[in-house]
Structure formats: structure tokens, C-alpha cells
Q: 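Mind having a look at this structure? Questions to follow.
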Number of protein chains: 2
Amino acid sequence: MLGRVTSERPTRPSQQDVARLAGVSRTTVSFVVNGVTGVAIPAATRAKVWAAVEQLGFRPNELARGLRSRRSGVLGLVTDAIATTPYAVGIIAGAQEAAARHGRTLLIVDTDSGAGSLLDAAAAMTRWQVEGLMLATDHHREVSLDGEVAGLPPTVLVDCVEADGRLPALVPDERQGGRLATDTLLAAGHRRIGLVNGPPDYPASAGRLAGWRDALAGAGVEVDQRLIRVGDWWQESGHTGAAALLDLPEPPTALFCANDWMAMGAYDLLRERGLRVPGDVAVIGFDNREEIAAHLRPALTTVALPYREMGRRAVEHLVGATPLPPGATRLPCPLVSRASV
Amino acid sequence: MLGRVTSERPTRPSQQDVARLAGVSRTTVSFVVNGVTGVAIPAATRAKVWAAVEQLGFRPNELARGLRSRRSGVLGLVTDAIATTPYAVGIIAGAQEAAARHGRTLLIVDTDSGAGSLLDAAAAMTRWQVEGLMLATDHHREVSLDGEVAGLPPTVLVDCVEADGRLPALVPDERQGGRLATDTLLAAGHRRIGLVNGPPDYPASAGRLAGWRDALAGAGVEVDQRLIRVGDWWQESGHTGAAALLDLPEPPTALFCANDWMAMGAYDLLRERGLRVPGDVAVIGFDNREEIAAHLRPALTTVALPYREMGRRAVEHLVGATPLPPGATRLPCPLVSRASV
DNA sequence: TTGTAAGCGTTATCAC
DNA sequence: GTGATAACGCTTACAA
């Protein structure tokens with residue numbers, strides 16, 4: 001004959017329960033657990049409240065908190081990077097970490113997992129009152145959002161850029177990375193440096209090529225167009241490209257492969273020809289795909305993509321900690337030194 | 001002089017707004033948008049409501065919905081698999097997909113990203129009133145939860161098992177996988193099959209070894225202990241192990257490497273010795289780490305771990321679609337045929 | 001320094 | 001068939 005039938009599932013303790021146990025009002029409990037400044041609550045009261053919280057195992061209900069305060073504390077990450085390949089888990093890890101640090105919850109939706117298009121994903125996030133949105137792609141590319149952004153919460157692009165560039169975007173500084181790779185080879189004494197690049201319609205290819213030129217120009221080395229070969233990112237094309245370069249009348253003494261898979265192909269070719277890495281030919285890759293780079297023999301020196309950094313910066317932008325300007329912000333690609341140079 | 005000062009951010013349309021526009025009550029709107037059965041609402045009213053929903057771009061507020069209905073629809077996935085290696089993104093993908101299909105939202109927390117221990121992660125999820133919890137590890141192993149499970153929502157282990165096995169757990173059927181790999185080699189006519197296994201204290205090693213024995217016994221082939229070598233999962237040890245096996249007086253004609261990295265090491269050794277795969281020696285791996293298996297030359301035939309399946313089944317258990325018994329449920333590991341056998 | 005009360009957007013229980 | 005009305009657990013003026 002109680003006022004209300006007890007619910008099936010034993011409901012978790014509420015602030016109400018804490019207040020009762022501590023002998024204070026709900027308001028006081030709210031002030032204490034949220035550490036509200038500007039109210040002077042005696043240490044004794046605070047202690048009582050915390051003791052009650054502890055004893056009951058009270059955990060605030062984020063649903064209620066978000067509903068009432070109109071601040072969900074949820075940041076949305078929409079990506080096509082999970083289903084395809086484990087490419088950009090670094091983005092997730094970096095975002096997650098930063099979100100936790102700023103007291104935010106990260107909601108991740110993979111657009112390839114049935115959710116369908118970006119629009120569906122955004123709709124799903126809307127229902128959860130997300131306060132910011134990150135759109136991440138599985139590789140650096142240009143995306144077109146058309147009018148879709150209208151009505152969306154503050155949004156930042158990760159590893160992709162928009163044609164008209166009104167949204168802030170975080171991308172790797174491919175050019176700086178290409179320069180870094182080439183400079184590393186130059187610093188090791190090489191002067192003829194072959195480039196096995198990716199297809200021209202990728203921002204990555206264009207940037208890495210420009211970086212290669214930059215470095216050569218900076219070192220006063222003549223740029224020889226014949227030292228450029230175009231692959232398709234796959235291992236086979238690294239093999240082919242390396243072969244073509246080594247068949248040149250004046251073959252290169254070092255190879256800059258625009259990704260690690262092609263470097264892996266180059267390794268194969270060098271081995272077939274009885275050439276040692278780095279003794280006879282030095283090799284440097286790009287992407288730092290640990291699974292490959294760390295396991296090749298010798299381990300591959302390569303340039304890393306700043307995935308974690310991109311995830312981190314995206315969150316810091318959305319929470320207002322480090323605001324980003326509209327358009328692309330390029331993040332530096334660090335060198336990962338191993339044994340192939 | 002309005003009753004309430006308008007909030008800074010233009011608030012999203014509510015059911016209230018929809019009701020006003022459609023000229024019905026909030027209740028009716030709720031019935032219509034939730035497709036409540038048992039109430040007969042005329043098609044005309046339904047249409048009016050949907051039209052208003054469309055016009056306003058109304059999206060239900062999950063915070064309010066969850067608060068009121070006491071069903072958040074959130075499933076929590078706690079993992080250490082993101083930060084370490086991109087090992088088990090398949091688990092996430094599979095879980096995500098199944099969650100979407102069942103109208104649930106997946107909340108992912110990576111314990112290595114600052115959140116700290118499992119307990120912290122579980123606390124974070126509790127605040128969001130998760131209705132089920134998945135605990136996933138980065139590789140098949142035994143975990144001990146002590147008393148930590150008390151007070152947690154329904155929980156399922158993914159890619160790990162508990163010592164006392166009271167929680168349901170989803171793990172790969174390592175033994176079946178080992179047998180499948182060996183059977184594949186047997187079917188190709190091999191009779192002396194070397195095993196380069198992982199360290200003995202892994203469930204994966206124990207299971208794959210047992211499967212190797214099973215297959216040999218099943219084919220009436222004598223089990224020769226000398227054909228077993230123990231590696232450490234790394235490429236070097238695959239190289240070493242393969243070398244030892246080929247130096248045997250009666251060397252094997254096929255190699256079963258308990259993971260793809262060791263298979264990669266074996267490839268290196270075979271190439272060094274001028275042996276062709278699969279012509280001179282067939283090789284089969286385990287794990288199907290696409291990045292390696294698909295890119296080796298020749299592409300590696302291997303046994304895949306059922307990551308997506310584990311994620312999917314975990315969700316289906318939690319939503320009650322396909323309940324799991326306490327203790328381990330072993331999921332089959334399928335063969336991925338490529339070119340090395 | 002603490003308490004009262006209103007209300008966030010929704011669902012659920014009743015009357016009508 | 002549809003509509004009031006009361007929670008859900010919390011934050012936040014404002015009152016005491």
C-alpha cells in the first residue's frame with residue numbers, strides 16, 4: 001500500500017536519497033556534487049553530503065542533468081574509418097582522451113555500419129543533443145557537404161577538407177611531411193632521391209611531391225623529373241616503381257615511398273636484386289602504419305600522420321579550448337626513425 | 001516582458017511545438033511518433049502529426065525520453081583495444097551495426113585514454129544509465145573482475161573469459177581454427193606440417209595447438225613433437241621457428257604459423273633460402289590481419305578471428321535477441337583463402 | 001548558508 | 001480516439 005508500486009529494476013539512488021541521508025536539501029547536494037562556486041557551504045555540510053554519496057554509491061544521472069541544464073556534454077564523432085580499415089583509430093583515441101579531459105562524452109557513429117549516410121548519423125546525434133560534431137574520413141580527401149550543414153551543431157572536419165572551406169578542418173601537413181622525409185634522406189648524404197608517389201588526385205600525393213621538391217630545392221639539388229614514379233598506394237606498385245627507378249642510367253641511392261605499403265614493395269624489389277637496406281639503398285616511407293613499418297626488416301623509417309593530434313585538436317576546438325579558424329589547419333607530420341635510412 | 005527570457009541558443013522544436021502546429025495534444029504526438037500500438041488513431045490525424053514533424057524538423061530528445069521512460073537505450077562498450085593497436089575494431093563495427101539494427105545507441109569508452117581502470121569506465125557509463133555493458137580486450141585472454149561486477153548492468157565479456165566464468169563471454173574458437181588451418185594444409189596433400197606456435201600461456205596458443213593435433217589425428221597422420229616450435233608472435237620468431245623446422249632431417253612441406261606476423265617472418269626465411277611459396281613450402285597464418293595477409297607476396301591464406309561476429313553477438317545478447325549462457329561461447333574462425341597454400 | 005519551487009521534453013495513467 | 005496531468009532526476013532563480 002505504498003504510494004507507488006516499486007519498479008521492477010531497483011532504481012539507482014538519486015540526489016533526493018542523498019539529501020535525505022545527509023539531512024540537507026536537494027539543492028545543497030547539487031551544489032556540493034557539482035562543486036558550484038559562489039556559494040559558501042561549510043566543510044561540515046560538504047563532508048556529510050560526500051559521505052552520503054559514498055555510502056549510497058550515488059552517480060548523477062546525465063540524462064536528467066542534460067535535460068535540465070540544456071547542456072548534454074556530448075560530442076559526436078561521425079566516421080567512415082572504422083568499417084573500412086582500422087585507418088584512423090588514432091583519431092578516435094585522441095578525441096576520446098581530450099573529451100575525457102574536458103568532461104565530455106564522445107558519441108561515435110560509423111556511417112558504414114548501417115546508419116547510412118552522413119545525414120542519418122547527424123540525425124542520430126541530434127537526438128542526443130550533441131554540442132559539437134566531428135566528421136572524420138578514412139583518408140585525407142575533399143568532401144562536399146552541400147547544404148547539409150544547416151541546422152547542425154558546431155562542426156569540424158577531421159582528415160578532410162571542404163571545397164569552399166567554411167568549416168574548420170584539421171588535416172596532416174603533407175607538404176611538410178614530404179619535405180621532412182626528403183630532408184632526412186638528404187641529411188644521410190643522399191643526392192639522388194627517387195620518389196614513388198601516389199596517384200595525382202590525392203591531396204597526400206600533391207603535398208608529398210611538393211615537399212620533395214621543397215627539400216631538394218632547399219638543399220640546392222637539381223630536381224630530376226625522371227626520379228618520379230606514380231604508384232597506386234599498393235605494394236605491387238611500389239615494387240614496379242622501385243624497379244623503374246633502379247633501371248635508370250643514373251639510379252637513385254635512396255627511395256622516398258609515399259606510403260608504407262609501397263615501401264614494402266620496394267623492399268621486395270631490393271631484396272630480389274640483392275641490394276641491402278639501407279647500405280645500398282635507403283628507403284623512407286609515409287603513414288607510419290605500425291603493423292608494417294615496425295615489422296619490416298630492417299624496420300622502416302617513415303613519416304607519421306598526426307591522427308591522435310587531429311582528434312585531440314578537434315575536441316579542443318569544439319569545447320572552446322583552442323578555437324580553429326575556418327578552412328584547413330595543417331598539423332605537422334613527425335618523423336619516426338627506425339632502421340631503413 | 002515575456003514570461004521567460006528566450007535562451008541564447010534557439011532551442012530545437014519539441015513535441016509541444018508539433019502538437020500546436022498539428023492542432024492535437026502532446027499525447028497524440030507521442031503516440032504517433034512512437035508508433036504505439038493499441039490506440040486507434042485515424043490516418044488523418046497521423047498524417048497531420050507527421051506533416052508537422054516534417055515541417056518543424058522535429059527530432060525526439062533522447063535525454064527526456066530516457067529520463068522519463070527509464071530506458072536509455074544505451075549500450076556501453078569498454079575496451080582497451082583502441083589505444084593499444086587497432087586490433088579489435090571489428091568488435092566495434094559489429095557491435096555498432098547490431099546496436100543500430102536494434103535501435104540502441106553504443107557508448108564506447110577506451111580505458112587506456114585517460115579514463116583509467118575498468119571501474120572508472122563503468123562509472124562513466126552508469127551515469128548514462130546504460131542498459132548493458134560489453135567488456136572487450138585487445139586479445140583473447142583471461143581477466144579477473146573480482147567483486148567489481150556487483151552493481152553493474154547486465155555484462156558480457158568479449159574476446160576474454162573470466163576465471164570463474166559466471167558472466168557470459170564470447171571468444172574465438174581457437175581450437176576449431178587450428179584444426180581448420182591444418183585441415184586446409186592436409187587437403188592440399190601435405191603430411192608433414194610444422195607448427196610455429198605462440199607462447200604457451202595464451203589461450204590462442206593452447207587452442208591452436210590442440211586444433212593442429214585434432215586435425216592430424218583425424219587424418220591419421222602421426223603427431224611429431226619435433227614439428228612444433230614456440231615463437232613470441234613477432235616476426236623474428238617466425239623466421240627463427242621456420243628455420244629450425246626446415247633444418248630438421250625430415251623438414252615439413254607446410255608451415256602453420258599461429259599468427260600472420262610469424263607467417264611474415266617465415267616468408268622471409270623461405271625467400272632467403274630460395275624456396276617458393278606455395279610451390280616448395282605452403283604457409284598458412286592465423287588472425288587475418290588484412291594489412292599483412294593481403295599485402296604479402298604471395299597473399300597469405302589465413303584463418304580469421306570472428307571480431308565482427310563477437311561484437312554483433314554481444315549486442316544481441318544484451319538486447320535479448322540471442323541470449324548467451326554463462327561462461328564462454330566459442331565462435332568459429334573462418335578460413336580466408338588466398339595464395340599461399 | 002540553505003531551502004522552495006519551477007520546469008527541462010518526454011512517457012504513462014487516467015478521464016473524457 | 002484524444003487530452004489533461006503527473007512524474008522522471010536534476011539545475012537554478014529566488015526566497016528565507
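Hydrogens, waters and symmetry mates are skipped; everything else that's a heavy atom, side chains included, is used. Computed from a predicted model, the values in this text were never measured in an experiment. Each chain gets a letter, A, B and so on, in the order the sequences are listed, and its residues count up from 1.
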Q: Please identify each residue that fulfils side chain to side chain contact (heavy atoms under 4.5 Å, CB included) with B:Thr322, with sequence neighbours left out.
A: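 B:Thr322: side chain to side chain contact (heavy atoms under 4.5 Å, CB included) contacts with B:Arg313, B:Glu316.
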Q: A:Asp17 has an atom CG; how far is it from atom P of D:dC10, in whole Å?
A: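 One finds 9 Å between P of D:dC10 and CG of A:Asp17, rounded.
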Q: Taking only residues two or more places apart in sequence or in another chain, which ones pass salt bridge (charged side-chain N to carboxylate O under 4.0 Å, His left out) with B:Arg65?
A: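 Checked B:Arg65 against salt bridge (charged side-chain N to carboxylate O under 4.0 Å, His left out); matches are B:Glu62.
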Q: Select one nucleotide: of D:dC10, C:dT1, C:dG3, the one nearest the side-chain heavy atoms of A:Ala40.
A: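 Looking only at heavy atoms from C-beta outward on A:Ala40, the closest nucleotide is C:dT1.
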Q: Main chain of A:Leu63, side chain of A:Asn61: is a donor-acceptor contact present, judged purely on distance under 3.5 Å?
A: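 Yes, the answer is positive, given that a donor and an acceptor are paired below the 3.5 Å cut-off.
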Q: Is it true that, when you exclude A:Arg141 itself, more than 12 heavy atoms of the residues, nucleotides or ligands shown sit nearer than 6.0 Å to its CZ?
A: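 Check passes, neighbour count above 12.
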Q: By side chain to side chain contact (heavy atoms under 4.5 Å, CB included), which residues pair with B:Ala124, not counting sequence neighbours?
A: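 Counting only residues at least two positions away or on another chain, B:Ala124 forms no side chain to side chain contact (heavy atoms under 4.5 Å, CB included).
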Q: One pair to check against salt bridge (charged side-chain N to carboxylate O under 4.0 Å, His left out): B:Arg308 and A:Asp110. What are the steps and the verdict?
A: CA-CA 14 Å; B:Arg308 292 189 76 101; A:Asp110 186 349; over 6 Å; no
Q: Heavy atoms under 4.0 Å, any strand shown: does B:Val24 hit a base, just sugar-phosphate, or nothing?
A: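 Sugar-phosphate contact only.
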Q: With each end axis built from five pairs of C1' atoms, what bend angle do you get for the helix from C:dT1-D:dA16 to C:dC16-D:dG1? Round to 10°.
A: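 That helix has its two terminal axes inclined by roughly 40°.
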Q: Would you call A:Asp159 and A:Tyr307 a side-chain contact if the rule is heavy atoms closer than 4.5 Å?
A: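 Yes; the side chains approach each other to less than 4.5 Å.
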Q: Below 4.0 angstrom from OP1 or OP2 of C:dG7, is there any side-chain N or O of A:Arg70?
A: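 A:Arg70 to C:dG7 OP1/OP2: no side-chain N or O under 4.0 Å.
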Q: How many Å lie between CH2 on A:Trp128 and P on C:dT10, as a whole number?
A: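 One finds 13 Å between P of C:dT10 and CH2 of A:Trp128, rounded.
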Q: Nearest heavy atom decides the nucleotide; on that basis, is B:Thr28 or B:Leu67 closer to the 5' end of DNA chain D?
A: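 By nearest-heavy-atom nucleotide position, the 5'-most residue is B:Thr28.
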Q: Out of D:dG9, D:dT2, C:dT10, which nucleotide sits closest to the side chain of B:Phe58?
A: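 Side chain of B:Phe58 sits closest to C:dT10.
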Q: So if I define the base as every atom that isn't primed, P, OP1 or OP2, how would nucleotides 11-16 of chain C read as a B/S/- string at a heavy-atom cutoff under 4.0 Å?
A: BB----
Q: Output all residues satisfying side chain to side chain contact (heavy atoms under 4.5 Å, CB included) with A:Arg68, sequence neighbours left out; order by chain, then residue number.
A: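 Per chain and number, A:Arg68 pairs via side chain to side chain contact (heavy atoms under 4.5 Å, CB included) with no residue.
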Q: If you draw a 6.0 Å radius around CZ in A:Arg330, do more than 12 non-hydrogen atoms from other residues or ligands fall strictly inside?
A: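 Result for CZ/A:Arg330: open.
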Q: On DNA chain D, compare the nucleotides closest to A:Pro13 and B:Ser25; which residue's is nearer the 5' end?
A: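 Looking at DNA chain D, the more 5' nearest nucleotide goes with B:Ser25.
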